[in-house]
Amino acid sequence: MSKHIFKGCIFLFCMVSCKTVNIHKELQKTTQVQQTLGSIGATNGNIISNEFYSDIRPNYTKPIAVTVSSFPFTKNTYRAFTKAQQYQAAKITLRYADTLKTKPAFVQLQLADKVTLIEALNGIENKGVKAYLSNNDTAVLVTNISVAFNKEDHEILVNANAVHLIQDNLGSYVLQCYQTDGSIKILRFHQGVVFAYKAAHSCWKENSKQQLDIVDLVAQGSDCSGKTYKSAERAKKQIDYFKF
């Protein structure tokens, strides 16, 4: 291998690997775009500028449980945060240094109720969204985000008895936080800076009426299990085969 090719491979590896960050022994993709839990989108397919825009919002008529985990910033997660902060509206002031005994913290929010989520995606209220997913094998749904809030909002999340993803009266996604004193606090995603995320793609299978349904959501890049398919078209061919 020539030196030019070797250097090119190193550059390409760096461009791809630098777009991930290790959060509690789990790789997440870094982002400068504010991703929202439960939204759907697709990458632009460019390996160098492989940014992800989740601009499709399914209708969630039932609250979806969200797990909240708090982690101290590391050098790498803080670097991802500072890059994202340049492009997002929230003004979050954090002081980070390796020498600090107590590091500032961020939260990881994860959709925890897969059953309710899948029921919603198959529901009549999301007929158009389901059609989009069936015709776009690269489309994925945001299931985890790593986000920094100000101190007050951070405490609301980590001290809540329960947190749910809901839609407000205008259809916007918000976090409904049940406090220990019985009150309910509402947080909006734009109040924080999102710097990393994980997504899942749909797994398809025929239902009892020989129609296509989403039956599972698996991590982006993972295989569907059993007789389920990432490609809705492939699942449809299986239906047609058995009809024959």
Minimum-distance pair of heavy atoms, taken over all atoms of S146 and Q28: OG-OE1, 3.0 Å

Between Q179 and A160, which heavy-atom pair has the shortest distance, and what is it? NE2-CB, 3.7 Å

Keeping the roles fixed (side chain from T30, backbone from K19), state whether a donor-acceptor pair exists under 3.5 Å. yes

Going by salt bridge (Lys or Arg N to Asp or Glu O under 4.0 Å), name the residues that satisfy it together with D98, two or more places apart in sequence or in a different chain. K75

Minimal non-hydrogen separation, T74 against T77, with atom names: N-OG1, 2.7 Å

Checking F81 against V193 for the side-chain contact (heavy atoms from CB on, under 4.5 Å) test, could you report, in this order, the C-alpha distance in whole Å, the side-chain angles of both residues, the deciding distance, and whether it holds? CA-CA 7 Å; F81 160 74; V193 173; 3.8 Å; yes

Does S54 have any side-chain hydrogen bond (donor to acceptor under 3.5 Å, both in side chains) partners at least two apart in sequence or in another chain, and if so, which? Q35, S39

Checking S172 against Q167: is there a side-chain donor and acceptor pair closer than 3.5 Å? no

Residue pair P104 / K151, side-chain heavy-atom distance below 4.5 Å: no

Would you compute the distance between atom OG1 of T36 and atom CD1 of I56 and round it to the nearest 0.5 angstrom? 13.0 Å

Residues in ring-ring contact (aromatic ring centres under 6.0 Å, His included) with F189, at least two apart? none

Show every salt bridge (charged side-chain N to carboxylate O under 4.0 Å, His left out) that has at least one partner inside residues 185-204, sequence neighbours left out. E26-K198, D168-R188

For residues 60-71, which side-chain N or O atoms pair as donor and acceptor with protein atoms under 3.5 Å away, sequence neighbours left out?
| from | atom 1 | to | atom 2 | distance (Å) |
| --- | --- | --- | --- | --- |
| Y60 | OH | G38 | O | 2.7 |
| T67 | OG1 | Q110 | O | 3.4 |
| S70 | OG | H154 | NE2 | 3.2 |

Set of side-chain hydrogen bond (donor to acceptor under 3.5 Å, both in side chains) partners for N22, sequence neighbours left out: none

Please determine whether residues L133 and I118 belong to a single hydrophobic cluster, defined as Ile, Leu, Val, Met, Phe, Trp and Tyr linked transitively by side-chain heavy-atom distances below 4.5 Å. yes

Heavy-atom distance under 4.5 Å between the side chains of H164 and L175, does that happen here? no

For T143 and L37 the tightest heavy-atom approach is O-CD2, 3.4 Å

Between T31 and F195, does the side-chain contact (heavy atoms from CB on, under 4.5 Å) criterion hold? Intermediate values first, please. CA-CA 5 Å; T31 181; F195 60 89; 5.5 Å; no

Any side-chain heavy-atom pair of N159 and I156 under 4.5 Å: no

With side chains defined as the heavy atoms from C-beta onward, is the minimum distance between D113 and V115 less than 4.5 Å? yes

Measure the OG1-CG distance between T82 and L94 for me, rounded to the nearest 0.5 Å. 10.0 Å

Is there a salt bridge (charged side-chain N to carboxylate O under 4.0 Å, His left out) between D216 and K205 once you walk through the steps? CA-CA 9 Å; D216 199 4; K205 188 178 181 179; over 6 Å; no

Nearest 0.5 angstrom please: N126 CG to N122 CG, how far? 9.0 Å

In chain order, what residues pass the ring-ring contact (aromatic ring centres under 6.0 Å, His included) check against Y132, with sequence neighbours excluded? none

So do F106 and F73 actually touch side chain to side chain, heavy atoms under 4.5 Å? yes

Rounding to 0.5 Å, atoms NZ (K230) and OG1 (T138) come to a distance of 8.0 Å

Going hydrophobic residue to hydrophobic residue with side-chain gaps under 4.5 angstrom, can you get from W204 over to V215? no

Who are the salt bridge (Lys or Arg N to Asp or Glu O under 4.0 Å) partners of D137, not counting sequence neighbours? none

Tell me every residue that passes ring-ring contact (aromatic ring centres under 6.0 Å, His included) with Y87, counting only those two or more places apart in sequence or in another chain. none

Same apolar cluster: L187 and L109, side chain cutoff 4.5 Å: yes

Are I40 and V140 close enough that some pair of their side-chain heavy atoms sits under 4.5 Å apart? no

Is any side-chain heavy atom of K29 closer than 4.5 Å to a side-chain heavy atom of Q220? yes

Residues which pass disulfide (SG to SG under 2.5 Å) with C177, listed by chain and number, not counting sequence neighbours: none

Distance in Å, Y78 OH paired with K83 NZ, rounded so as to fall on 0.5 Å steps: 13.5 Å

Minimum heavy-atom distance between I23 and Q108, given as atom pair plus value: CG2-OE1, 4.1 Å

Between F149 and Y173, is there a shared hydrophobic cluster once you connect ILVMFWY residues whose side-chain heavy atoms come closer than 4.5 Å? yes

All side chain to side chain contact (heavy atoms under 4.5 Å, CB included) counterparts of Q34, not counting sequence neighbours: Q88, H190, V194

Check the hydrophobic clustering (I, L, V, M, F, W, Y; side-chain heavy atoms under 4.5 Å; chains of links allowed) and say if L141 and V174 are grouped together. no

side-chain hydrogen bond (donor to acceptor under 3.5 Å, both in side chains) partners for N76, two or more places apart: R79

Separation between CG (L212) and CG (N207), nearest 0.5 Å, reads 8.0 Å

Would you tell me whether S183 and D181 have side-chain atoms, one donor and one acceptor, within less than 3.5 Å of each other? yes

List the atom of V21, the atom of A196, and the distance in Å for their closest heavy-atom pair. CG1-CB, 3.9 Å

Taking the side chain as every heavy atom from C-beta outward, state whether L217 and S202 have any pair of such atoms under 4.5 Å apart. yes

